[in-house]
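Before any comments, here is the structure.
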Amino acid sequence: MEALRIAVTGAAGRMGQALIEAITATDGCVVAGAIERAGHEALGKDAGELAGVGRLDVQVTDQALDVFAAVDAVLDFTAPAATVEFADLAAQARIVHVIGTTGFTSDHEARLEAAARHATLVRAGNMSLGVNLLTALTRRVAQALDADWDIEIVEMHHRHKVDAPSGTALMLGDAAAQGRGVLLDDVADRGRDGQTGARKRGDIGFAALRGGSVVGEHSAIFAAEKERIVLSHIAEDRSIFARGAVKAAQWGQGKGPGSFSMLDVLGLSDF
Ligand SMILES: NC(=O)C1=CN([C@@H]2O[C@H](COP(=O)(O)OP(=O)(O)OC[C@H]3O[C@@H](n4cnc5c(N)ncnc54)[C@H](OP(=O)(O)O)[C@@H]3O)[C@@H](O)[C@H]2O)C=CC1
Ligand SMILES: O=C(O)C1=N[C@H](C(=O)O)C[C@H](O)C1
């Protein structure tokens, strides 16, 4: 059987390098393209050498469409404005576009939905098995408890992260809202400062901490009178996200156009 040809956007980034390493370590998958933006200092370098896995004879390029036309899937952990452009190109090339990027606005979301008419999009704010299981658990716990239990989502990440709350925190908040049968947009409290007044019953609160080199830590806290349930996940290494992304690329082959999540990939949709 022919190897699955996978391209990586943002190849020089923290996740880009982890993705190149994960593809190289997966039987039946090869790195077939590496993309960075025009003018980037990594252009022309070997993608394998950049990621520390040895020479792969794949040069980093800014010619995304040429690369997309020659691969089966693209793994994209970049920035929202870049990802919506890549989704349009993935739609033209009719390939699998695995999106780990976070921080989308509703306009971005609409563009991604449009691209999913022709590309196979697999999107998740967190591609690790552990967090996706935690999401399913959070929904079930929220379903079992009433609004006497206040829900707070707390996350911590490294000092370079540019969006807040994290994509994972929003996944957990959305799962909790689903469990309660409400819309997250109607109950989210995303920033407290100053004279906030007492907590509103039924709100789902978010708090984002930033510092050092923390890969990613998330807790969904259910707090009632005299007791608390804390569901937590700690990411120790970016390889957990990268492995999930490679799995999504494999899963997406032959699925046809549409918008899918890691819960679909991991078979957790009905959990
Ligand atoms: N879903 C998940 O499981 C995970 C998601 N993430 C998300 O992935 C994203 C990236 O995170 P991280 O790797 O830490 O960030 P980095 O900043 O380390 O990497 C992002 C890379 O994308 C590049 N890039 C930006 N715009 C473009 C463009 N137009 N064309 C090509 N490349 C581009 C950046 O280049 P430049 O340096 O020039 O800007 C950089 O190399 C974030 O949104 C983060 O939240 C992260 C981990 C897990
Ligand atoms: O930017 C990161 O680093 C991460 N981003 C994702 C998020 O926004 O939740 C996933 C992970 O927590 C790391």
Side-chain angles (χ1 to χ4, degrees), residues 7-22 33-43 45 47 50-51 60-65 67-68 74-90 97-105 108 121-132 134-135 153-175 206 208-220 232-249 261-263 265-266:
V8 175
T9 59
R14 281 177 288 275
M15 276 306 299
Q17 294 180 45
L19 291 164
I20 290 166
E21 195 176 344
I35 293 151
E36 270 296 352
R37 66 165 116 222
H40 199 282
E41 61 179 23
L43 293 179
K45 293 193 177 157
L50 202 61
V60 180
T61 170
D62 59 4
Q63 299 300 302
L65 187 54
V67 171
F68 284 23
V74 57
L75 311 184
D76 177 8
F77 290 60
T78 54
T83 291
V84 293
E85 299 291 334
F86 290 138
D88 287 347
L89 301 183
H97 187 190
V98 178
I99 301 175
T101 307
T102 58
F104 294 111
T105 63
H108 292 136
L121 299 198
V122 185
R123 285 176 57 195
N126 195 304
M127 301 250 165
S128 74
L129 171 60
V131 158
N132 281 278
L134 184 72
T135 304
I153 312 292
V154 182
E155 51 110 336
M156 181 158 187
H157 284 87
H158 53 94
R159 60 167 70 102
H160 305 288
K161 186 160 179 63
V162 294
D163 56 310
S166 68
T168 311
L170 292 171
M171 277 170 67
L172 293 170
D174 194 48
F206 290 85
L209 315 182
R210 296 285 175 269
S213 57
V214 176
V215 173
E217 301 190 3
H218 294 88
S219 292
S232 294
H233 180 268
I234 295 175
E236 296 178 354
D237 192 274
R238 290 185 174 83
S239 57
I240 62 171
F241 313 128
R243 274 203 305 272
V246 175
K247 193 171 189 139
S261 76
M262 272 313 276
L263 294 176
V265 174
L266 297 169

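Atoms within a ligand are numbered from 1 in the order they appear, just like the ligands themselves. Here the structure is a predicted model, which is why all the values come from computation and not from measurement.
- Of all non-hydrogen atoms in His108 and Pro80, the two that sit nearest each other are CE1-CB, 3.6 Å.
- In this structure, Arg243 and Ala22 approach most closely via the heavy-atom pair N-CB, 4.3 Å.
- Distance alone, capped at 3.5 Å, is enough to place a donor-acceptor pair between the Glu36 side chain and the Ala11 backbone.
- Considering backbone and side-chain N/O atoms, Thr102 comes within less than 3.5 Å of an N/O atom of ligand 1.
- Between Gly167 and ligand 1 there is no heavy-atom distance shorter than 4.0 Å.
- Atoms of ligand 1 found under 4.0 Å from any heavy atom of Gly13, numbered from 1 in the order shown, are 18 (O), 19 (O), 41 (O).
- Between the side chain of Asn132 and the main chain of Ser128, a donor-acceptor pair closer than 3.5 Å is present.
- For the ligand labelled ligand 1, residue Gly103 lies outside the 4.0 Å heavy-atom shell.
- Taking each of Glu41, Arg123, His40 in turn, the one with a heavy atom nearest to atom 37 (O) of ligand 1 proves to be His40.
- For ligand 1, the atoms closer than 4.0 angstrom to any heavy atom of Phe86 are 30 (N), 31 (C).
- The environment of CD in Gln17 is crowded: more than 12 heavy-atom neighbours from other residues, nucleotides or ligands sit within 6.0 Å.
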Candidate pair Val215 and Phe241, rule side-chain contact (heavy atoms from CB on, under 4.5 Å), full reasoning: CA-CA 10 Å; Val215 173; Phe241 313 128; 3.8 Å; yes
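- Distances below 4.0 Å separate heavy atoms of Thr101 from the following atoms of ligand 1: 43 (O).
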Full working for side-chain contact (heavy atoms from CB on, under 4.5 Å) between Val74 and Val8: CA-CA 6 Å; Val74 57; Val8 175; over 6 Å; no
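- Residue Gly100 has at least one N or O atom closer than 3.5 Å to an N or O atom of ligand 1.
- Close N/O approach between Phe241 and ligand 1 is not found [any backbone or side-chain N/O within under 3.5 Å].
- Counting only non-hydrogen atoms, the option in Met127, Glu85, Glu36 that gets closest to atom 33 (C) of ligand 1 is Glu36.
- At least one heavy atom of Lys161 sits closer than 4.0 Å to an atom of ligand 1.
- Around ligand 2 you find Thr102, Gly125, Asn126, His157, His158, Lys161, Ser166, Gly167, Thr168, Val215, His218, Phe241, each with a heavy-atom distance below 4.0 Å.
- Of all protein heavy atoms, the one lying nearest to atom 16 (P) of ligand 1 is Arg14 NH2, 3.7 Å.
- Annotation: atom 21 (C) of ligand 1 to nearest protein heavy atom, Gly10 CA, 3.8 Å.
- At least one N or O atom of Ala124 sits closer than 3.5 Å to an N or O atom of ligand 1.
- Looking only at distances, no side-chain donor or acceptor of Glu217 sits under 3.5 Å from a matching main-chain atom of Met156.
- For atom 8 (O) of ligand 1, the closest heavy atom belonging to the protein is Phe77 CB, 3.6 Å.
- Taking the ring centre of Phe77 as origin, the terminal cationic atom of Arg14 falls outside the region bounded by 6.0 Å and 45° from the ring axis.
- Between Asp163 and Gly103 the shortest heavy-atom distance is OD2-N, 3.6 Å.
- Residue Arg37 places at least one N or O, backbone or side chain, under 3.5 Å from an N or O of ligand 1.
- For the pair Met171 and Thr135, the tightest heavy-atom approach, listed with the atom from each and the gap, is CE-OG1, 3.7 Å.
- At a 3.5 angstrom cut-off on N or O pairs, Gly125 counts as close to ligand 1.
- Close approach to Met15 involves these atoms of ligand 1, each under 4.0 Å from a residue heavy atom: 13 (O), 46 (C), 47 (C).
- A salt bridge between Glu85 and Arg37 is absent, with no side-chain N of the basic residue lying under 4.0 Å from a carboxylate O of the acidic one.
- Distances from atom 42 (C) of ligand 1 to the heavy atoms of Asn126, Ile240, Thr78, Asp62 put Thr78 nearest.
- Shown here for Ala51 and Ile20, the closest heavy-atom pair between the two residues is CB-CG2, 3.6 Å.
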Step-by-step side-chain contact (heavy atoms from CB on, under 4.5 Å) determination, Val122 to Ile99: CA-CA 6 Å; Val122 185; Ile99 301 175; over 6 Å; no
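- At a 4.0 Å heavy-atom cut-off, ligand 1 does not touch His160 at all.
- Side chain to side chain, Ser166 and His218 meet the donor-acceptor criterion of an N or O pair below 3.5 Å.
- Counting heavy atoms closer than 4.0 Å to ligand 1, residue Ala11 contributes nothing at all.
- Under a 4.0 Å criterion applied to the non-hydrogen atoms of Ala82, ligand 1 contributes the atoms 26 (N), 27 (C), 28 (C), 29 (N).
- A pairwise comparison of heavy atoms in Val67 and Gly33 identifies CG1-CA, 3.8 Å as the closest pair.
- Scanning for side chain to side chain donor-acceptor pair (under 3.5 Å) contacts around Asp76 gives Thr9, Thr78, Thr83, His97, with sequence neighbours left out.
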